[in-house]
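By convention in this document, chain letters (A, B, ...) are assigned in the order of the sequence lines, proteins followed by strands, and residues within each chain are numbered from 1.
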There are 2 protein chains.
Amino acid sequence: MKRQAGEGRGSTLNETLCDEIRRLLVDGALTPGQRLSESALSEQLGVSRNTLREAFRTLAHEGLVTHAPNRGVFVTTPDMASIVDIYRLRRFIECRALSAAWPSHPAVREMRAAVEEARTCREQRNWQAVGSANMAFHGAIVALADSARLDVFFRQISAELRLAFGLMSDKEWLHGPYVEMNQQVLETFEAGDTTAAVALLEQYLAQSERTVLAAWARQAAP
Amino acid sequence: MKRQAGEGRGSTLNETLCDEIRRLLVDGALTPGQRLSESALSEQLGVSRNTLREAFRTLAHEGLVTHAPNRGVFVTTPDMASIVDIYRLRRFIECRALSAAWPSHPAVREMRAAVEEARTCREQRNWQAVGSANMAFHGAIVALADSARLDVFFRQISAELRLAFGLMSDKEWLHGPYVEMNQQVLETFEAGDTTAAVALLEQYLAQSERTVLAAWARQAAP
DNA sequence: TCGTCACTTATTGTTCAACAATACAAGCGC
DNA sequence: GCGCTTGTATTGTTGAACAATAAGTGACGA
C-alpha cells in the first residue's frame with residue numbers, strides 16, 4: 001500500500017517511543033528475560049502508561065518483547081528453537097531471493113554499500129556497527145525479491161536475531177569473520193556465477209548458525 | 001518462543017477485541033477505505049477508547065487497518081501492487097514449502113481435512129466458508145516448512161488478501177473452482193510426484209491472481 | 001467568480017487518576 | 001513439609017480531560 005488514505009508524516013510520539021525502545025533492546029541496555037514494569041518504564045521515558053502500552057503492543061507483535069497477560073511485558077528471551085527457526089527462515093528466504101535475482105537489480109548497489117560500510121567499521125573495531133552493516137547486506141539480498149512485505153518481515157526477524165546476539169560477549173568473533181564472507185558472496189554473484197554465490201551464502205548461514213548456537217549454549221549452561 | 005516467561009492463558013479483552021474486529025473485517029461488515037472513528041467504534045463495541053487504540057496498533061501492524069497520524073484509522077484498501085506482492089510471496093513461500101516437504105509430514109493431514117471441509121461447504125453453497133477452507137489448505141502447505149514464524153506471517157498475508165476478496169461480489173466464482181484444484185494438488189503430492197504437484201500449485205496461484213486482479217480492476221474502474 | 005486567509009469545529013494524541021482483576025509472596029494452620 | 005488463606009503490588013480497563021492537528025466554513029479581496 002503506497003499512500004493509503006493520507007498517511008501524513010507526523011512525529012506521533014508513539015513512533016518515536018517504539019524506536020527508542022527498539023534501540024534500547026538492540027543496544028543491550030535491556031537484557032533478555034528482564035521484566036519491563038509499566039509504571040517504572042513509563043516514568044523513566046517520560047510518557048504515560050497508556051502510551052507505553054500502545055508501544056508494547058507494536059513491539060510484542062514484532063517479537064521483541066513478550067506479553068504475558070496479567071503478568072507483564074518481558075524482553076524476549078531467544079531460545080534455541082527460535083534461533084533454529086530464524087536461521088531456517090533465513091536460508092529459505094535469502095538463498096531463494098539470491099538465486100532468482102536479476103543481476104543488475106538496484107539492491108545490488110545496497111549490497112555493495114553494506115560491504116564497504118562493514119569494512120570501514122571493522123577497521124575502527126566497532127563491532128556493533130559491523131553487525132548492523134552485515135544485517136544491512138542481508139536485508140539487501142532479501143530486497144532482491146522485490147517484495148515490500150518480505151522486506152518488513154525480514155527486518156523483524158533481524159531485530160529478533162540481534163536480541164540473541166546481545167546474549168554474547170565476544171562481538172568480534174560474532175561479526176568479524178562475516179565481512180569477508182559477505183564480500184565473497186557479492187563478488188561471486190557479480191561475476192555471474194549465481195549458483196556458486198548461493199552455495200557460499202548457504203555456507204555462511206550454516207556457520208553463523210553454529211556460532212550463535214554454540215555461544216547460546218555456552219551462556220545458557222550455568 | 002514456546003512458553004516465554006509464563007504466557008498465561010487469560011482472555012484479556014484486548015485479544016477478544018482484536019478477534020472481533022478481524023471478524024468484522026473479513027466478513028465484510030467494514031468496507032475497505034472506511035474510516036473507523038475511535039469514539040463511535042469504541043461505543044459500538046462497548047470498550048474504552050484506550051483499549052480500542054491498543055487493538056488498532058495490533059491490527060495496523062497486521063496490515064488490516066491503516067493508521068494515518070492525526071487523521072484516523074482506515075480499513076486498508078488493497079491496491080493492485082498489494083495483490084501482486086501478496087501473490088508473488090505466496091508463490092515464493094508455498095511452492096518452495098511444498099517442494100521441500102517431507103511426504104508424511106503431519107500437516108498433510110491438515111491439508112486433507114481442509115479439502116474435505118471445502119467440499120462439504122461447497123455443497124451447502126456457503127462460499128465464505130469455502131474460502132476459509134481453501135485458505136486453511138494453503139496454510140497447511142506453509143506449515144510443511146516447519147517454521148512457526150513463517151506460519152504467522154502467512155496468516156497475516158491471508159487476512160490481508162481476504163480484505164481484497166471482500167471487494168468482489170461473485171463469491172462462487174472466486175472460491176468455487178479452487179476446491180478441485182486443491183484436491184488435485186493434494187492427490188498428486190500424495191502420489192509422490194512432488195514436482196508435478198508444485199507445478200499444479202503454481203498454476204493454481206497464477207489463475208487465482210488473474211481472477212482477483214481482473215475483479216479488482218472491474219470494480220475499481222468507475 | 002475564484003482563490004486565499006483566518007476561524008471554527010470535530011477528531012485524534014496524550015495524560016491522569018481511579019478501580020477491578022489477577023498473580024505472586026508471605027504467613028498460617030495442619 | 002504441604003496446602004490454604006490473606007495481602008499486596010502490578011496489570012487490565014475505564015472515563016474524563018486537555019493539547020495538537022486536520023478538515024470544513026465563511027469572509028475578504030482581486
Side-chain angles (χ1 to χ4, degrees), chain A residues 1-22 25 30-31 33-62 64-77, chain B residues 1-22 24-25 30-62 64-77:
Chain A
M1 324 268 141
K2 268 181 298 215
R3 294 208 105 252
Q4 191 81 233
E7 209 153 284
R9 60 245 153 275
S11 19
T12 60
L13 178 56
N14 196 298
E15 231 172 290
T16 322
L17 185 57
C18 284
D19 286 343
E20 176 110 10
I21 301 179
R22 269 194 216 98
L25 288 167
L30 303 173
T31 56
Q34 179 181 352
R35 179 163 154 278
L36 300 178
S37 158
E38 292 185 354
S39 30
L41 195 60
S42 66
E43 188 176 3
Q44 180 184 334
L45 297 175
V47 300
S48 101
R49 248 184 83 205
N50 286 342
T51 303
L52 180 62
R53 282 175 64 89
E54 284 186 27
F56 275 165
R57 278 317 199 301
T58 301
L59 296 170
H61 204 274
E62 289 173 2
L64 293 179
V65 301
T66 301
H67 180 101
N70 288 313
R71 292 183 14 85
V73 170
F74 300 79
V75 179
T76 299
T77 303
Chain B
M1 324 268 141
K2 268 183 297 216
R3 291 208 111 251
Q4 190 82 232
E7 207 154 285
R9 56 248 158 273
S11 17
T12 59
L13 178 56
N14 195 300
E15 235 172 286
T16 322
L17 185 57
C18 284
D19 286 342
E20 176 109 11
I21 300 179
R22 270 193 216 99
L24 289 177
L25 288 167
L30 303 173
T31 55
Q34 180 181 351
R35 178 162 155 277
L36 300 178
S37 157
E38 291 185 355
S39 29
L41 195 60
S42 67
E43 189 176 5
Q44 180 185 334
L45 297 175
V47 299
S48 103
R49 249 185 83 207
N50 285 332
T51 304
L52 180 62
R53 282 175 64 89
E54 284 187 28
F56 274 166
R57 295 290 175 187
T58 301
L59 296 170
H61 203 273
E62 289 173 2
L64 292 179
V65 302
T66 300
H67 180 98
N70 288 315
R71 292 183 16 86
V73 170
F74 300 79
V75 180
T76 300
T77 303

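Nucleotide C:dA21 holds its C1' atom 7 Å from the CG atom of A:N70, rounded to whole Å. In this structure, B:E43 atom CD and C:dT12 atom P are separated by 13 Å, rounded to whole Å. Separating the NE2 atom of B:H67 from the C1' atom of C:dT12 is a distance of 8 Å, rounded to the nearest angstrom. The separation between B:L45 atom CG and D:dT14 atom P is 11 Å, rounded to whole Å. One interatomic measurement links the two molecules: CZ of A:F74 to P of D:dT10, which rounds to 12 Å at whole-angstrom precision. Protein atom CZ of B:R35 is 11 Å distant from nucleotide atom P of D:dG24, rounded to whole Å. If you measure from atom CG of B:L13 to atom P of D:dT11, you get 18 Å, rounded to the nearest angstrom. Straight-line distance from the CG atom of B:L36 to the P atom of C:dG13: 13 Å, rounded to whole Å.
Note: A:L45 CG to A:T16 OG1 = 11.5 Å, rounded to the nearest 0.5 Å. For the atom pair NE2 of A:H61 and SG of B:C18, the computed distance is 8.5 Å after rounding to the nearest 0.5 Å.
Considering all non-hydrogen atoms of both residues, A:T51 and A:N14 come closest at O-ND2, 4.0 Å. Here the closest heavy-atom approach between residue B:A68 and residue B:F74 is recorded as CB-CE1, 4.0 Å. Here the closest heavy-atom approach between residue B:R53 and residue B:E38 is recorded as NH1-OE2, 2.7 Å.
Closest to the side chain of B:E38, from the set C:dT22, C:dG13, D:dT10, is C:dG13.
Helix bend of the helix from C:dT1-D:dA30 to C:dC30-D:dG1: the angle between its two end axes, each built from five pairs, comes to 10° after rounding to 10°.
Remark: A:S48, A:R49, A:N50, A:T51 in residues 48-57 of chain A come within less than 4.0 Å of DNA chain C through at least one heavy atom.
You'll find the side chain of B:T76 stays beyond 4.5 Å of the side chain of B:L25, heavy atoms only.
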Can you list the steps and then say if A:V75 with A:L36 is a side-chain contact (heavy atoms from CB on, under 4.5 Å)?
-> CA-CA 7 Å; A:V75 179; A:L36 300 178; 4.0 Å; yes

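Counting any heavy atom pair closer than 4.0 Å across all strands shown, B:V73 reaches no nucleic acid atom.
Judged by distance alone, with hydrogens and angles left aside, the side-chain atoms of A:E15 form no donor-acceptor pair with the main-chain N or O of A:T12 at under 3.5 Å. Of the possible donor and acceptor atoms, none in the side chain of B:S42 sits under 3.5 Å from a partner among the backbone N and O of B:S48.
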